[in-house]
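Have a look at the structure below, then the notes.
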Number of protein chains: 2
Amino acid sequence: MNTLKQDVEKKYQFAVIATDVVIFTAQNGKLKVLLIEMRKPPYTGYWACPGGLVKPNESVDRAAQKHLFDKTGVKDVYLEQLYTFGEIDRDPFGRVVSVAYYALIPSGGIKLKTSHEYTDVDWFQVKQLPPMAYDHTEIIKVAVKRLKDKITYSNIVYSLLPKSFTLSELQGIYELILDKRLDKRNFRKKILTLNLITKTGRKRTGEANRPAQLYKFVRRTPQEVEVL
Amino acid sequence: MNTLKQDVEKKYQFAVIATDVVIFTAQNGKLKVLLIEMRKPPYTGYWACPGGLVKPNESVDRAAQKHLFDKTGVKDVYLEQLYTFGEIDRDPFGRVVSVAYYALIPSGGIKLKTSHEYTDVDWFQVKQLPPMAYDHTEIIKVAVKRLKDKITYSNIVYSLLPKSFTLSELQGIYELILDKRLDKRNFRKKILTLNLITKTGRKRTGEANRPAQLYKFVRRTPQEVEVL
DNA sequence: TCAAAAGTGTTCGTGCTACACCCATGC
DNA sequence: GCATGGGTGTAGCACGAACACTTTTGA
């Protein structure tokens, strides 16, 4: 009896599976993504989301985690499968189907690593992307839409924030992702009724204004809750 | 310079891409999925969602459409990518990553085709699945969850209904997918304010009760709307 | 004392929920 | 005439939206 592999080798050429990870962070009041600059033609000088081929002995999820970790050094952050891009001509090198993910990481404490495989790594505002390789502009667009939807019915913004934060910082995250202003009093009222966060008891001092209460998330694990 | 294909052949074994389609319909007040009975070991007698390998010259979307059409003869129905299942050991034949889709088709007028590749095709209640091959129980579970979510913020139920239908039939679809009873007056009030459907002017006669107004969807194309 | 952000309540309108009876038809 | 589903309105309540001033600190 033939194995599937033998069947396939006879009948078909193969298609390769890759993952690409859209890595989001919130920095200086902007929503940003991590991109790497490509070395090889035809995309020399173009930028792309971190990613690469999935090896035969690793799951697709695992491959995405690995690419995230390799570029940022972070793990245990929110990472969700986004969509699979399977057009025939999306990669000029061959038939590559990409399973896209997106991740949310807190800003700060991240040391970007470069390597011989690419020329540079940097953060870019979602609204000001450089020339992009492959269909990665599309992938980021889909990721932004998913992120907007998701933060309105889950607690996943915890993954963009440090352990403790002020209510204004939290509101700022919502505002920059949703790309609109929110009413301060209504926001605070709503978010506090959900019991997703609690006071740490400490305050943020040292700024030229009234010190703000610091809050923390009760659970730093994903859960579905109607937020806004 | 090496092509990606050559690189991969040297460095890796390949992984194969397949699609599986969860085909939903509403029949006799039940939510059902179309399954095929498998012929080959080790899954002889087990059932699976229609699907198969993606060929090198077809997009993943196209492959899903094709599997849907081959089993049901329908096209132009709602078909959405669901999730990609990429665990290493999900397929005993080899490394197969499956891009799962789900489709919504109206009941009635569908002739199920069998073939030499499998022994039988049939509809099963989502709540009473037979022994399933691969991870297809999981795939269906994910599909049901997505479907529940999606009908509350889109008009896609149009794809489960015939051209014209009564408000009670429409309500019935929501009830069986959401798996709960809805209030008749509130449902009608809400659905009519959305302007997704209009009266056809005709009525359903010939039944032992007052004839019901027939309605139709204004647009039979997917759109996001807050329904319930 | 001034600038800058923190913190705090009330009013209004909209929309969801709960609920019961008459109507038109086929048998 | 009876059984069966079709069709209709209202009242209470909860929640979201709009809106402005006082407080606390650092410079």
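Each chain gets a letter, A, B and so on, in the order its sequence line appears, and its residues count up from 1.
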Exercise. What side-chain hydrogen bond (donor to acceptor under 3.5 Å, both in side chains) pairs are there with at least one residue in residues 120-133 of chain B, not counting sequence neighbours?
Worked result: K127(B)-D179(B)
Seminar exercise, completed: Note: chain B reaches DNA chain D at heavy-atom distances under 4.0 Å over the stretch, first to last nt, 5' to 3', of dA3(D) to dT10(D)
For this session: Apply side-chain hydrogen bond (donor to acceptor under 3.5 Å, both in side chains) to Q27(B) and list each qualifying residue two or more places apart in sequence or on a separate chain.
Result: K32(B)
For [X], all residues meeting ring pair (Phe, Tyr, Trp, His ring centres under 6.0 Å), sequence neighbours excluded:
X       : result
F124(B) : W47(B)
Y101(A) : none
F165(B) : F217(B)
Y43(B)  : Y46(B), Y134(B)

Exercise. Tell me the salt bridge (Lys or Arg N to Asp or Glu O under 4.0 Å) pairs involving residues 143-166 of chain A, sequence neighbours left out?
Worked result: E80(A)-R146(A), E80(A)-K150(A), K145(A)-D149(A), K145(A)-E224(B)
For this session: Apply salt bridge (Lys or Arg N to Asp or Glu O under 4.0 Å) to the pair K180(B) and E175(B), showing each step before the final yes or no.
Result: CA-CA 5 Å; K180(B) 68 177 181 192; E175(B) 288 181 336; over 6 Å; no
For this session: Please name all residues satisfying side chain to side chain contact (heavy atoms under 4.5 Å, CB included) with R210(A), sequence neighbours left out, ordered by chain then number.
Result: none
Problem set entry | With sequence neighbours excluded, residues passing side chain to side chain contact (heavy atoms under 4.5 Å, CB included) with K66(A) | K55(A), E58(A), R62(A), D70(A)
Exercise. Base, sugar-phosphate, or nothing for S168(A), non-hydrogen atoms under 4.0 angstrom?
Worked result: sugar-phosphate
Problem set entry | Nucleic acid contacts - residues 171-180 of chain A versus DNA chain C, non-hydrogen atoms under 4.0 Å | none
Exercise. When you check every protein heavy atom under 4.0 Å of nucleotides 8-17 of chain C, what one-letter string (B, S, -) results, 5' to 3'?
Worked result: BBB-----SB
